[in-house]
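Lettering follows sequence order; numbering is per chain, from 1.
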Protein chains: 2
Amino acid sequence: MQNITDIIEAYLKQILNDETKVEIKRQEIAQRFDCVPSQINYVINTRFTVEKGYFVESKRGGGGYIRIQKIVLLDSHDLLDEMSAWVGDQLTEQAAEDYLIRLMNEQLLTRREAILIQSLLRKESLPMDVEDQHRMRAHLMQTLLQTIKRL
Amino acid sequence: MQNITDIIEAYLKQILNDETKVEIKRQEIAQRFDCVPSQINYVINTRFTVEKGYFVESKRGGGGYIRIQKIVLLDSHDLLDEMSAWVGDQLTEQAAEDYLIRLMNEQLLTRREAILIQSLLRKESLPMDVEDQHRMRAHLMQTLLQTIKRL
DNA sequence: ACCTCTCTGACCATCTTTGACTATTGTTTG
DNA sequence: CAAACAATAGTCAAAGATGGTCAGAGAGGT
């Protein structure tokens, strides 16, 4: 673990332990680790490949970046069951949104899917008194979680 | 997201989340974001193209403006309104499924999206008496149709 | 020595920002 | 009313800001 490549790899992976993705500026990282910018490309091409479970995007020009995301192909049943337990039989609009975001982060829902579902869980979409709303929302969320398991 | 273009894009799109259109004065926006006026043209030419679903009009001279509108494809727009009228305020499970299939065929929903939504509209997902179920299902479908329009 | 993995730098590709010049529309003046 | 003037927006090419590629040099292990 002496060469720069390994050090930069470790640095990025350490961030990916907490965050679902890491976004860097090539030049900035190169400077921080005192190497040429193209070294960063080498790190990415050898350590963050699709085969190794990473998805990399980048943009050139002003405001350019390199973004690395860990692809999670986890057996997600456990997570879905956990969420199911958390949801219980009552759910606020805000909590619902948080769960949807979590599902998106875990790549179990696309952004579009999350938006569609969220619109159905808004209070305006559930014409009933608040108590029932919370129950209804929870019920729909439970259905969703079970459905995702089967997709 | 630190270049001016992205910041101005976000600003305008945020307005478009609430309003169906946004009308600006080029000079004014340029000043607010401290950039040259032609920067605004760049933003519009790269971020608010027809391919991306926006319609832009402008006028020069005194009282000039730049107006940006989100495009809803006429065909789809009409179809969604028609369906909205057909749905009314009551909807059976079978009818709901038919509508979802239609939306899929019109490529307004993906297969996965349709399956997710359908599961939420099943009677098992709507714990209430049949009368209310039909009303609830219709209400959710109406929400869905409106949401698709804005997507 | 030989092979493989790393590192470097020159050169390339793409996206953004800027500003001089142009085009159009509205307003005032003779 | 026509001409001049004012107030806007549009175009385009050059400069700036990033990231990408690739071939060759360097380093470490067998």
note: B/Ile8, atom CD1; C/dT18, atom C1'; distance rounded to Å ~ 13 Å
Taking only Lys NZ, Arg NE, NH1 and NH2, and the carboxylate oxygens of Asp or Glu, determine whether A/Asp129 and A/Arg135 approach each other closer than 4.0 Å. no
Would you kindly say whether A/Tyr11 and A/Arg32 are connected by a side-chain donor-acceptor distance under 3.5 Å? yes
For residues 82-107 of chain B, the salt bridge (Lys or Arg N to Asp or Glu O under 4.0 Å) pairs (sequence neighbours left out) are B/Glu93-B/Lys123, B/Arg102-B/Glu106
Separation of D/dA9 atom P from B/Gln39 atom CD, nearest Å, is 15 Å
A/Phe33 atom CZ is separated from C/dT6 atom P, nearest whole Å, by 16 Å
Scanning both residues in full, the closest heavy-atom pair of B/Glu23 with B/Arg67 reads OE1-NH1, 2.9 Å
| Side-chain N,O (B/Tyr42) to OP1/OP2 (C/dT16) below 4.0 Å | yes
Rounded to whole Å, the CG-P distance (B/Asp34 to C/dT17) equals 12 Å
Looking for any heavy atom pair under 4.0 Å, which part of the strands does B/Ile40 touch: base, sugar-phosphate only, or nothing? nothing
Whole-Å distance, A/Arg67 CZ to D/dT18 P, equals 16 Å
- Message: Does C/dT16 have OP1 or OP2 under 4.0 Å away from a side-chain N or O of B/Arg47?
- Response: yes
Its contact letters, B for base, S for sugar-phosphate only and - for none at protein heavy atoms under 4.0 Å, make nucleotides 19-30 of chain D read BBB---------
Separation of D/dG16 atom P from B/Ile4 atom CD1, nearest Å, is 17 Å
On a heavy-atom basis, the closest approach of A/Gln107 and A/Lys70 is NE2-O, 3.7 Å
Hits for side-chain contact (heavy atoms from CB on, under 4.5 Å) against B/Gln69, two or more places apart or cross-chain, chain-then-number order -> B/Lys21, B/Phe55, B/Glu57
